[in-house]
Amino acid sequence: MKHAIRLFCNVLGNVCDLAHMTFPKPLFLAFASLSLFAGILPAIGTAAAPAAVSFQIVDQAGMPLRDAVIEVAPLAGDTRRLAFSWRNAMAQRNLAFVPGTLIVPKGATVAFPNLDTVRHSIYSFSKPGPFRIDLYSHDQTRSQRFDNAGTISLGCNIHDTMQGYVRVVSTPYAARSDGNGLAQIDGVSGGRREVVVWHPRIRGIGGEWRGKVQLVPGQRNRLTVAVRPIAGK
């Protein structure tokens, strides 16, 4: 309260100075206090921070699922910009795609920097965005735009063991789970929300699990998805 009153007094004092007016300091304090209690001056610093919803994705055996993509559908009238804090980039390093799974907004152009000492040729036959990038060398970068939501499975024509995924989403509320199956999405309000979980091993059309989940900000939402066993195990 004292901080709010002091801030209000400073603002009012600046206004008065601009108008070549002077008020006694006690009058400032009295007016500011009455304004706060009467509701004339909005409370300062009481605006709620954007909510954050946390998830844990586990398989049918209760084991954490790494690199699962969690998407929460926006509510009607949501004007949040479709963008994320990380770079739209999928590198090739040590004969692997890094990160192995990349989330990008629909319409994004993804950079493919080659950080290896060998050449790579990237391709995808995925329906949402088939493409091919011819051979290019170390420290060179190529790019590709993805206009349709869905999953882009990546491969390299030269190195058959390389595999990666670009998950193109149409919601600003998405995140990728870590090694403990944990992920956090900021700015999501609570309530019953439509949620999609994607992973290449999920038993579902397109590797997706879909459902309506009662989300509670500040609490961990544990979702269990059925997955196929890892090949060779």
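Just the heavy atoms: all of them, side chains too, but no hydrogens, waters or symmetry mates, feed the values below. Note that the structure is predicted; figures quoted are calculated from it, not measured.
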Enquirer: Check whether any side-chain N or O of Q60 sits under 3.5 Å from a backbone N or O of T224 as a donor-acceptor pair, and report yes or no.
Expert: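 Flag not set: sc Q60 to bb T224 has no pair under 3.5 Å.
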Enquirer: Does anything in residues 165-195 pair up under ring-ring contact (aromatic ring centres under 6.0 Å, His included), and if so which pairs, sequence neighbours excluded?
Expert: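 Applying ring-ring contact (aromatic ring centres under 6.0 Å, His included) to every pair that reaches into residues 165-195, excluding sequence neighbours, yields Y165-W198.
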Enquirer: Tell me, which pairs form a side chain to side chain donor-acceptor pair (under 3.5 Å) where one or both residues lie in residues 83-112, sequence neighbours left out?
Expert: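 Counting only pairs at least two positions apart or across chains, the side chain to side chain donor-acceptor pair (under 3.5 Å) contacts touching residues 83-112 are Q92-Y136.
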Enquirer: Show me the pairs that pass salt bridge (Lys or Arg N to Asp or Glu O under 4.0 Å) and involve residues 206-226, at least two apart or across chains.
Expert: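 As it turns out, the salt bridge (Lys or Arg N to Asp or Glu O under 4.0 Å) pairs with a partner in residues 206-226, which skip direct neighbours, are R167-E208, E208-R210.
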Enquirer: For R176 and A183, indicate whether the former's side chain and the latter's backbone hold a donor-acceptor pair under 3.5 Å.
Expert: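 No, the answer is negative, given that no donor and acceptor are paired below the 3.5 Å cut-off.
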Enquirer: Specify the closest pair of heavy atoms between A61 and D59, including all atoms of both residues, with the distance to one decimal.
Expert: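 Looking at all heavy atoms of both residues, the shortest contact is N-OD1, 2.9 Å.
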Enquirer: Within this structure, what is the CD1-OG1 distance for the pair I70 and T171, rounded to the nearest 0.5 Å?
Expert: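 Those atoms lie 12.0 Å apart.
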Enquirer: Quick one, I57 and W209 - any side-chain contact, counting heavy atoms below 4.5 Å?
Expert: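 No, side chains not in contact.
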Enquirer: For the pair N114 (side chain) and S137 (backbone), establish whether a donor and an acceptor sit closer than 3.5 Å, ignoring hydrogens and angles.
Expert: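 Present.
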Enquirer: Give a yes or no on whether V196 and L65 share a hydrophobic cluster (residues Ile, Leu, Val, Met, Phe, Trp, Tyr; joining criterion: side-chain heavy atoms under 4.5 Å apart).
Expert: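 No, no single cluster joins them.
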Enquirer: What are the two closest heavy atoms between R66 and S177, and how far apart are they?
Expert: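 The answer is C-OG, 3.5 Å.
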Enquirer: Which atoms form the tightest heavy-atom contact between P99 and A89, and what is the distance?
Expert: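 Where P99 meets A89 most closely, the heavy atoms are CD-O, 3.8 Å.
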Enquirer: Do V227 and V195 land in one hydrophobic cluster if side-chain heavy atoms of ILVMFWY residues count as linked below 4.5 Å?
Expert: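 Yes, because V227 and V195 connect within a single hydrophobic cluster, where side-chain heavy atoms sit under 4.5 Å apart.
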Enquirer: Taking C-beta and beyond as the side chain, do L223 and V197 meet within less than 4.5 Å on heavy atoms?
Expert: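 Side-chain contact under 4.5 Å: yes.
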Enquirer: I need the minimum non-hydrogen distance between V110 and M90, along with the two atoms involved.
Expert: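 Nearest heavy atoms, V110 then M90: CG1-N, 4.1 Å.
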Enquirer: Mind checking the CG-CG spacing from L102 to D67? Nearest 0.5 Å is all I need.
Expert: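 Answer for the CG-CG pair, L102 versus D67, is 11.0 Å.
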Enquirer: Which atoms form the tightest heavy-atom contact between R228 and I202, and what is the distance?
Expert: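 Closest heavy-atom pair between R228 and I202: NH1-O, 3.2 Å.
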Enquirer: Per the salt bridge (Lys or Arg N to Asp or Glu O under 4.0 Å) rule, what does the pair list look like for residues 128-144, sequence neighbours excluded?
Expert: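 Every salt bridge (Lys or Arg N to Asp or Glu O under 4.0 Å) pair that includes a residue of residues 128-144, provided the two are not neighbours, is R132-D134.
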Enquirer: Quick one: salt bridge (Lys or Arg N to Asp or Glu O under 4.0 Å) pairs with a partner in residues 189-202, sequence neighbours left out?
Expert: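 As it turns out, there is no salt bridge (Lys or Arg N to Asp or Glu O under 4.0 Å) pair with a partner in residues 189-202 once direct neighbours are skipped.
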Enquirer: Could you tell me whether the side chain of Q56 and the main chain of N180 form a donor-acceptor pair under 3.5 Å?
Expert: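 Checked: pair present.
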Enquirer: Please determine whether residues L82 and V168 belong to a single hydrophobic cluster, defined as Ile, Leu, Val, Met, Phe, Trp and Tyr linked transitively by side-chain heavy-atom distances below 4.5 Å.
Expert: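 No, L82 does not connect to V168 through the hydrophobic network.
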Enquirer: Give, for atom CD of Q140 and atom CG of L135, the distance between the pair rounded to the nearest 0.5 Å.
Expert: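 Spacing of CD (Q140) from CG (L135) equals 10.5 Å.
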Enquirer: Quick check on the hydrophobic clustering: are V53 and V213 connected, directly or via other members, by side-chain heavy-atom contacts under 4.5 Å?
Expert: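 In one cluster with V53: V213, yes.
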Enquirer: Would you say the side chain of S54 lies within less than 4.5 Å of the side chain of Q219, judging by non-hydrogen atoms?
Expert: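 The answer is no; the side chains never approach within 4.5 Å.
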Enquirer: Determine whether L154 and V169 fall in the same hydrophobic cluster, where Ile, Leu, Val, Met, Phe, Trp and Tyr are linked whenever their side-chain heavy atoms lie under 4.5 Å apart.
Expert: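 Yes: a chain of side-chain contacts under 4.5 Å links L154 to V169.
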Enquirer: Which pairs would a plain distance check flag for residues 117-128, meaning a side-chain donor or acceptor within less than 3.5 Å of a matching protein atom at least two apart in sequence or in another chain?
Expert:
| from | atom 1 | to | atom 2 | distance (Å) |
| --- | --- | --- | --- | --- |
| H120 | ND1 | H159 | ND1 | 3.2 |
| H120 | NE2 | D116 | OD2 | 2.8 |
| S121 | OG | I133 | O | 2.9 |
| S121 | OG | N157 | ND2 | 3.4 |
| S124 | OG | S126 | N | 3.2 |
| S124 | OG | S126 | OG | 3.2 |
| S124 | OG | S153 | O | 2.8 |
| S126 | OG | S153 | N | 2.8 |

Enquirer: Ignoring hydrogens, what is the shortest heavy-atom contact between R203 and P229? Give both atom names and the distance.
Expert: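 Residues R203 and P229, closest heavy atoms: NH2-CD, 3.5 Å.
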